[in-house]
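Scroll down for the structure; my scribbles are underneath it.
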Amino acid sequence: MKLHCGQFTLDLARPQVMGILNVTPDSFSDGGQYTQTDLAVAQAVKLVEAGADVIDIGGESTRPNADPVSLQEELDRVVPVIEALASEINIPISIDTYKPAVMRAAIAAGASMVNDVKALQEADAVAVVAQSDVGICLMHMQGTPQTMQNDPYYEDVVQEVADFLLARAAVCEQAGIARERLLLDPGFGFGKTRAHNIALIQQLNTLTALDYPVLVGLSRKSVLGQMTGNDVDARLYASVSAAVIAALKGAKMLRVHDVKATVEALKVVAAIDA
Ligand code: 9MG
């Protein structure tokens with residue numbers, strides 16, 4: 001299986017590691033550390049040296065109850081970093097946004113992938129991606145970051161997430177976005193209780209059997225805090241364990257903060273699970 005992202009083609013025979021670079025003052029885990037362009041670029045280069053296959057840059061936090069950011073503020077945060085980084089590294093840069101205008105500017109600045117927690121449901125988002133050649137990660141979320149943890153409810157979380165993702169993939173393909181450009185993501189923690197998250201991990205095979213590559217983002221998330229009792233800055237071992245379980249269940253991309261530790265753990269998986 002391959003993923004086409006602009007000038008890059010990723011071979012998904014080995015699970016790929018997407019390193020997270022938040023250029024926000026308020027992200028739940030690393031917010032505020034990388035707000036200056038040069039610091040952000042230096043951190044991205046470190047993630048590449050640690051073995052990242054993709055760098056995901058976000059300028060608006062999507063943690064529960066995060067304050068929305070204006071379009072101009074988001075553009076000002078991400079575009080200079082993408083422009084500077086595009087000539088520094090030779091792996092895909094992903095833009096984490098749901099705003100079509102940010103997608104367009106990020107692609108023009110050198111992004112090869114869009115990571116959209118709203119699965120291209122904003123007006124014009126499908127068209128912006130269809131007019132380009134970038135990869136696109138379609139993520140499931142119930143509600144919005146402001147409301148999503150207010151009593152999320154599903155009859156059958158795995159089936160409803162699968163149905164939603166397949167419907168969004170169909171919309172993309174009808175708009176001319178080739179299947180080889182698509183990744184699906186159940187959206188751990190986005191409008192899900194602990195039980196919903198655990199059901200999705202346990203039954204991840206249902207999603208990985210859908211004939212699209214699946215991206216999993218569990219790194220440092222609160223469900224891992226609930227399982228271990230640890231605060232967000234002490235969830236390394238839990239995050240690596242979750243990445244290994246996801247890889248063994250067929251995930252093709254892991255979105256993580258701790259790139260080096262995850263890459264090493266995945267090498268062990270590859271050596272033993274060959
Ligand atoms: C931006 N963001 C935060 N968590 C995420 C997750 O689990 N998946 C994707 N695709 N993006 C995420």
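Remember, it's 1-based here, ligands and their atoms both numbered in the order they're listed.
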Using a strict cut-off of less than 4.0 Å between a Lys/Arg side-chain nitrogen and an Asp/Glu carboxylate oxygen, indicate whether K2 and E180 qualify as a salt bridge. no

Return yes if a side-chain donor-acceptor contact under 3.5 Å exists between E60 and Y98, otherwise no. yes

Is any side-chain N of the basic residue among D258 and R220 closer than 4.0 Å to the acidic one's carboxylate O? yes

Would you call the rings of F164 and H140 parallel, tilted or perpendicular, where under 30° means parallel and over 60° means perpendicular? perpendicular

Contacts for ligand 1, heavy atom under 4.0 Å, by chain and number, are T62, D96, N115, V117, C137, M139, D185, F190, L215, G217, K221, R255

Would you mind listing every salt bridge (Lys or Arg N to Asp or Glu O under 4.0 Å) that reaches into residues 166-177, with sequence neighbours excluded? E173-R179

Would you mind reporting whether L166 and L210 have side-chain heavy atoms less than 4.5 Å apart? yes

